[in-house]
Peer 1: 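This is the structure I want to talk about, given as structure tokens.
Chain letters run A, B, ... following the sequence lines, proteins first, then strands; residues in each count from 1.
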Amino acid sequence: MQEAMINKAKQLLADGTVNRVIGWKRGEFVYDITPAVFETAEEIDADFVCDDFTAANVSKYLVKESRKEGKILAFLKPCDTYSFNQLVKEHRIVRENVYVVGIPGGPKLDAEKIKAKGITGILGVKNENGTLKIDTLYGEETMPYYEAILGKCETCKSRKHVVYDELLGEEGEVISAEDSGRFDMVEKLENMTAQERYDFWREQLSKCIRCNACRNVCPACTCENCVFDNPASGISNKAAADSFEENMFHIIRAFHVAGRCTDCGECSRVCPQNIPLHLLNRKFIKDINAFYGEYQAGEDTTSRAPLNNYDKDDCEPSIVHERGVE
Amino acid sequence: MQVNENTNFEPVIVAFCCNWCSYAGADLSGTNRLNYPTNVKIIRVPCSCRVNPMFILRAFQKGADGVILCGCHPGDCHYTSGNYFTRRRITLLYSMLDFLGIERDRTRLEWVSAAEGAKFAATMQEFTDAVRKLGPNRRLEDLRCRKQ
Amino acid sequence: MNKDTLIPYIGVVTDIRQDTPDVKTFRVVSPEGGKVFEHMPGQCAMLSIPGVGEGMFSITSSPTNKEYMEFSIKKCGCLTTWLHAMDVGQQITIRGPYGNHFPVETDLKGKDLLFIAGGIGLAPLRSVINYVRDKRENYGDIQIVYGSRSKDDLVDYQEIIDEWMKDDGIQVNLTIDNPQEGWDGHVGFVPNYVKELNPSLSKTVLICGPPIMIKFTLAGLKELGFTETQVYTTMELRMKCAVGKCGRCNIGNKYVCKDGPVFRFDQLGELPDEY
Amino acid sequence: MLRISIDRADELFAAIAAQQTLYLPADREDGQAEYKKWEEGVKLSGRLNTVRSAKDFFFPQTENLAEFKMEGKKIEVIDVRRESEDFVIFGVRACDARSFGILDKVYLVDPVDTFYQTRREHGTVVTMACTRPAETCFCQTFGIDPTEPEGDVSCWSDGSFYYFKANTDKGQKLLNSLSSLLEDGDTATLDETKAKTKEILAKLPLAKLSTENFGCDKLNEYFSSAKWAELSESCLGCGTCTFVCPTCQCYDIRDFDTGHGIKRFRCWDSCMYSDFTKMAHGNPRLTQLERFRQRFMHKLVYFPANNNGEFGCVGCGRCLSKCPISMNIVKVMKALEEK
């Protein structure tokens, strides 16, 4: 696939369709790829990479890139196309300035998961029929491929591209919630007692170091000035000085993207403390589906977002008191 | 659920009331000489829809033990549709607070019209009693704001 | 434990003078009377209203004044707006003195001095000017070129007329940007005025004002034949700690709060252009 | 050398914890390690290092500086500083141990930061030599030998014993208090372990990374390098690198209104944040390029210029594994060196 992509990129650059390509750049090791913009065929030949580790969603960069001179080629995985579409819908990306080539998605690998197994000193990773052969400083190690895939890929919601100008490889299908199991963990939490839920989230959120990686990587978080950075908001803070502030930041952040979050999972992927932040977003998605009908952000560019909409027969907030476990 | 730590505990209740219905309802309960608990601090807002989720969290931060939001009955909004948006928003917020393990009886939404002075007083009484039973807010509290 | 520099003292505002429509001068003493601390001309202090903010301000009064400190503050942001709204008797918190100072006792001693200021840029220079006036015998000729947008925007106008202009051996040249009724002095921008005045090359220059004024004035001085080693300025960047630790006012390997705010232009030239 | 069997680690930790609070890296459910207070049942992590560095113990993410009571026009300043209690951090790696020296050069120079100072004085650092360095390690670049860690007490493991050597009075005091547990033993197997580790160290992918092209004399050349635009292009402007970094020391001071007083606190800040240098009238570092450049110039050029050539990085590799977009100091160094 990488070769097909490189050829496609060089061809589109050569025929003038685009003047830049956004993709991923090779790093020092096998796994540390960086999203990057390429301008020449030479740069692409030297550094362009698309492999098991190119999980980063490049959609958000297109907010800026699509406002620059000329057209840019973006390689988007199925999940990335949802973020892209949502940003187009919100008029954050200038659609005409992006040439979207859909590429097959994951599952992608998570180097942290390999390291968590105690496999360190990683020099090379190869997938051989579902087994990862990992070359390390301490000899070769193996582990099952599925145990090393990224959290966000474990519960993949769709292999279908919702937007593209051209497709490389075959188109896939949307995966139902039952099949993907993406709400399973949310449900599990809902079925705990309030005290258990509280304890769970306290343990998770107290790990937060407020690095803002989740916010800054999030394709739905594109405010020019975040309320948490704005001294005039009265709640700006750099670090959680109290457990309340840890809760507040994550509640408000999740709330702000409710109905716009496409469940791309980048927040959890980048969290240095492995906080399962996507569960907060999924809770909102699950509630929206249950209360206001199935809705997938980014699926289209025309429908009204659930929080910008209403129905006269909507349920009352008291429904929260009537459901589930106290 | 939390056990009441202090038998003399008096909760602080913040009530966000829409200017057109609920605030007038509160007024009416006053002119009708109906009693409602002094624990309730009313914050008047132009429309229930004005209430940002942050307001509710901030009320808890600054010492509220319970937060109630009152607005016009659905369909009666002074601004036609404000409370319909409120309803969705607050449903989701309360559900999220519940998800995080915050006691669900600390939050409430009630539609109170300008004619429902009695309902206002009764609702406040009921809500205050429910929060008093829960005890002080500990799960969504900012320790820095606690009075020593 | 020793007192930590980050923990402030209390200061009482005993006098507030409206200098221009957006500049007020505040007189600050300690609650027991007298100055909160001693300083040298050009040094700064961190003033704060708890809950509003803390900011670095240059001390505009001269160290030779033994009774109080003064701060000329322009209404600009959150903290300064609050300061402008307060009344006499208000307590504020104050810590300092911070930074280096103009080398009044070393390099500037015995020299002819040329002060060039624009707008609120007079604030840090006023401390030096009054210091030099009080120790007149140690210095040569003194010339002050001061410009502002209008006559009303000249900070310390009364003091300039009543005291500086009456002193022997001090030449004061005022200018405003645009003609104005009741103003018979010079009209024009500071950089051009300096060139017109053609000051003698023997002078050491102390300059403070808006960055754009400094830039053009410096270019003008160089045209006249001045060298960078003859010109001093004082800078400002965002600060939080004021002791070279919080990392905010870092330019190259210098911290404006600790290594500055006073720099000679040849020293500034060695630093990256990021201010 | 003094040693104790690893089987008796719990006895050792209990003996330290009986005198003062003991913190050590412990495994978390998610496969990462973090410093935890030792109590019965807490096991020393076998991982190379913690996600958060050990700087937290001396320079915590948030701390109160002072409190103010405001009444009418009056202000009362309340000094909330307390003398720190004695504590021991066990299992600090050589890189983190060096980072304390770097923080000292900021916080213990005049005017001394008394908040930092009291914790530094009361903390005893027990380091742990590395035996399984990772591909992201490059401490050797900064002259650190991970088989000979610094600290008040150096500790080594050969798989069956912990070996100890005191380097300071504070460290000697700690070892003396544990003398009933420690026995003298020969170091033959330890020397073997060290030799093996050294072999791996020589093979590390970043073993050849050198600082010879960095330092104070490179200021103008690197500051105006055209590489910064490309390097900073995909930077998210988050603070991950800064907050996991053991040597990043910038902070912010803020006030919090509790409703019955003002608490002035300081918290970690990052030069990567857009509001770091923002003033009422503008911002000298307008784009991510300048902010990104500042972080690396500070570590590689500005800091050495002020500290006799010592760099502001210890090669712990945290930013290499934690940056959301995998842009880090190694890539920056390599890019700047390319002509």
Peer 1: Using heavy-atom distances under 4.5 Å, tell me whether D:Gln117 contacts chain C through its side chain, its backbone, both, or neither.
Peer 2: neither
Peer 1: If you draw a 6.0 Å radius around CZ in D:Phe142, do more than 12 non-hydrogen atoms from other residues or ligands fall strictly inside?
Peer 2: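 Correct, the count exceeds 12.
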Peer 1: Starting at CZ of D:Phe303, measure out to CG of C:Asn253 and round the result to the nearest 0.5 Å.
Peer 2: 11.5 Å
Peer 1: Would you sort out whether D:Leu65 and C:Asp4 count as a side chain to side chain contact (heavy atoms under 4.5 Å, CB included), showing the intermediate values?
Peer 2: CA-CA 9 Å; D:Leu65 296 179; C:Asp4 196 282; over 6 Å; no
Peer 1: Out of C:Ser48, C:Gly77, C:Gly244, C:Pro31, which one racks up the most heavy-atom pairs below 4.5 Å with chain D?
Peer 2: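 Looking at each option in turn, the highest pair count goes to C:Ser48.
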Peer 1: With only heavy atoms counted, which part of C:Tyr255 is less than 4.5 Å from chain D, the side chain, the backbone, both or neither?
Peer 2: side chain
Peer 1: Which heavy atom of D:Cys250 sits nearest to which heavy atom of C:Gly247, and what is that distance?
Peer 2: SG-CA, 3.6 Å
Peer 1: Among D:Pro111, D:Cys271, D:Ala305, which residue has the highest count of heavy-atom pairs closer than 4.5 Å to chain C?
Peer 2: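 If we count pairs closer than 4.5 Å to chain C, D:Pro111 comes out on top.
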Peer 1: Of all the heavy-atom pairs spanning C:Cys241 and D:Ile253, show the shortest one and how long it is.
Peer 2: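 Taking C:Cys241 first and D:Ile253 second, the nearest heavy atoms are CA-CD1, 4.3 Å.
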Peer 1: For side chain to side chain contact (heavy atoms under 4.5 Å, CB included), just list the numbers for C:Val52 and D:Asp255, CA-CA rounded to whole Å, side-chain angles, deciding distance to a tenth of an Å, and then say yes or no.
Peer 2: CA-CA 7 Å; C:Val52 181; D:Asp255 289 351; over 6 Å; no
Peer 1: Kindly compute the distance separating CZ (C:Arg238) from CZ (D:Arg285), expressed to the nearest 0.5 Å.
Peer 2: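 The CZ atom of D:Arg285 is 11.5 Å from CZ of C:Arg238, to the nearest 0.5 Å.
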Peer 1: Identify the heavy atoms of C:Pro272 and D:Leu219 that sit nearest to each other, and give their distance.
Peer 2: CD-CD2, 3.5 Å
Peer 1: Give, for atom CG of C:Asn250 and atom NE2 of D:His298, the distance between the pair rounded to the nearest 0.5 Å.
Peer 2: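 One finds 5.0 Å between CG of C:Asn250 and NE2 of D:His298.
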Peer 1: With a 4.5 angstrom heavy-atom cut-off, is it the side chain or the backbone of D:Arg293 that approaches chain C, or both, or neither?
Peer 2: side chain
Peer 1: Which region of C:Cys249, side chain (C-beta onward) or backbone (N, CA, C, O), has a non-hydrogen atom less than 4.5 Å from a non-hydrogen atom of chain D, or is it both or neither?
Peer 2: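 Neither; nothing under 4.5 Å.
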Peer 1: Side chain from CB out, backbone as N, CA, C, O: work out which of these in D:Tyr107 comes under 4.5 Å of a heavy atom of chain C, or both, or neither.
Peer 2: both
Peer 1: Return yes when atom NZ of D:Lys278 has more than 12 non-hydrogen atoms of other residues, nucleotides or ligands closer than 6.0 Å, and no otherwise.
Peer 2: no
Peer 1: Can you measure from CG (C:Leu6) to CZ (D:Arg266) and round to the nearest 0.5 angstrom?
Peer 2: 6.0 Å
Peer 1: Within a strict 4.5 Å, meaning less than it, do heavy atoms of the C:Glu54 and D:Arg264 side chains meet?
Peer 2: yes
Peer 1: Taking D:Thr277, D:Asp257, D:Asp110 one by one, which has the highest count of heavy-atom pairs under 4.5 Å against chain C?
Peer 2: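 Option with the greatest count: D:Thr277.
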Peer 1: Salt-bridged, D:Asp79 to C:Lys3, with N to O below 4.0 Å?
Peer 2: no
Peer 1: Checking heavy atoms, do the side chain of D:Val109, its backbone, both or neither come under 4.5 Å from chain C?
Peer 2: both
Peer 1: If you measure from the Lys or Arg side-chain nitrogens to the Asp or Glu carboxylate oxygens, is any gap between D:Asp269 and C:Arg248 under 4.0 Å?
Peer 2: yes
Peer 1: Does a sphere of radius 6.0 Å around CZ in C:Phe216 hold more than 12 heavy atoms from other residues, nucleotides or ligands, not counting ones at 6.0 Å or beyond?
Peer 2: no
Peer 1: I'd like to know which of D:Glu67, D:Met297, D:Met70 tops the heavy-atom pair count under 4.5 Å against chain C.
Peer 2: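 Between D:Glu67, D:Met297, D:Met70, the count favours D:Met70.
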Peer 1: Below 4.5 Å from any heavy atom of chain D, which atoms of C:Val13 appear? Answer side chain, backbone, both or neither.
Peer 2: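 Neither part.
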Peer 1: If you count every heavy atom of other residues, nucleotides or ligands that lies below 6.0 Å from D:Glu71 atom CD, does the total exceed 12?
Peer 2: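 Atom CD in D:Glu71 is not crowded, with 12 or fewer foreign heavy atoms closer than 6.0 Å.
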Peer 1: Check this for me: C:Glu228, atom CD, are more than 12 non-hydrogen atoms of other residues, nucleotides or ligands nearer than 6.0 Å?
Peer 2: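 Enclosed.
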Peer 1: Taking every non-hydrogen pair under 4.5 Å, which of C:Cys76, C:Gly55, C:Gly89 racks up the most with chain D?
Peer 2: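 Among the listed options, the one with the most contacts to chain D is C:Gly89.
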Peer 1: Are the side chains of C:Ile7 and D:Phe115 in touch, meaning some heavy atoms are under 4.5 Å apart?
Peer 2: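 Heavy-atom side-chain distance check passes, below 4.5 Å.
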Peer 1: Please indicate whether D:Lys170 has more than 12 foreign heavy atoms, meaning atoms of other residues, nucleotides or ligands, lying under 6.0 Å from its NZ.
Peer 2: yes
Peer 1: So, does D:Gln249 use its side chain to make a donor-acceptor pair with the main chain of C:Lys245 at under 3.5 Å?
Peer 2: yes
Peer 1: Check whether D:Asp113 gets within reach of chain C through its side chain, its backbone, both or neither, counting any heavy atom under 4.5 Å.
Peer 2: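 It is both, since atoms from each part get that close.
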Peer 1: Name the member of C:Ile49, C:Leu237, C:Leu79 that forms the most heavy-atom pairs with chain D at distances under 4.5 Å.
Peer 2: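 Most heavy-atom pairs within the cutoff with chain D belong to C:Leu237.
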Peer 1: Should we count CD of D:Glu63 as having more than 12 external heavy atoms under 6.0 Å?
Peer 2: yes
Peer 1: Please lay out, stage by stage, how C:Leu271 and D:Phe223 fare under the test side chain to side chain contact (heavy atoms under 4.5 Å, CB included).
Peer 2: CA-CA 10 Å; C:Leu271 297 179; D:Phe223 187 85; over 6 Å; no
Peer 1: Is atom CG of D:Asp217 surrounded by more than 12 heavy atoms (other residues, nucleotides or ligands) closer than 6.0 Å?
Peer 2: yes
Peer 1: Taking D:Lys73 for the side chain and C:Gln91 for the main chain, is one N or O donor matched with an acceptor at less than 3.5 Å?
Peer 2: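 Such a contact is absent between D:Lys73 side chain and C:Gln91 backbone.
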Peer 1: Relative to chain C, which segment of D:Phe68 carries a heavy atom at a distance below 4.5 Å: side chain, backbone, both, or neither?
Peer 2: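 Just its side chain gets close to chain C.
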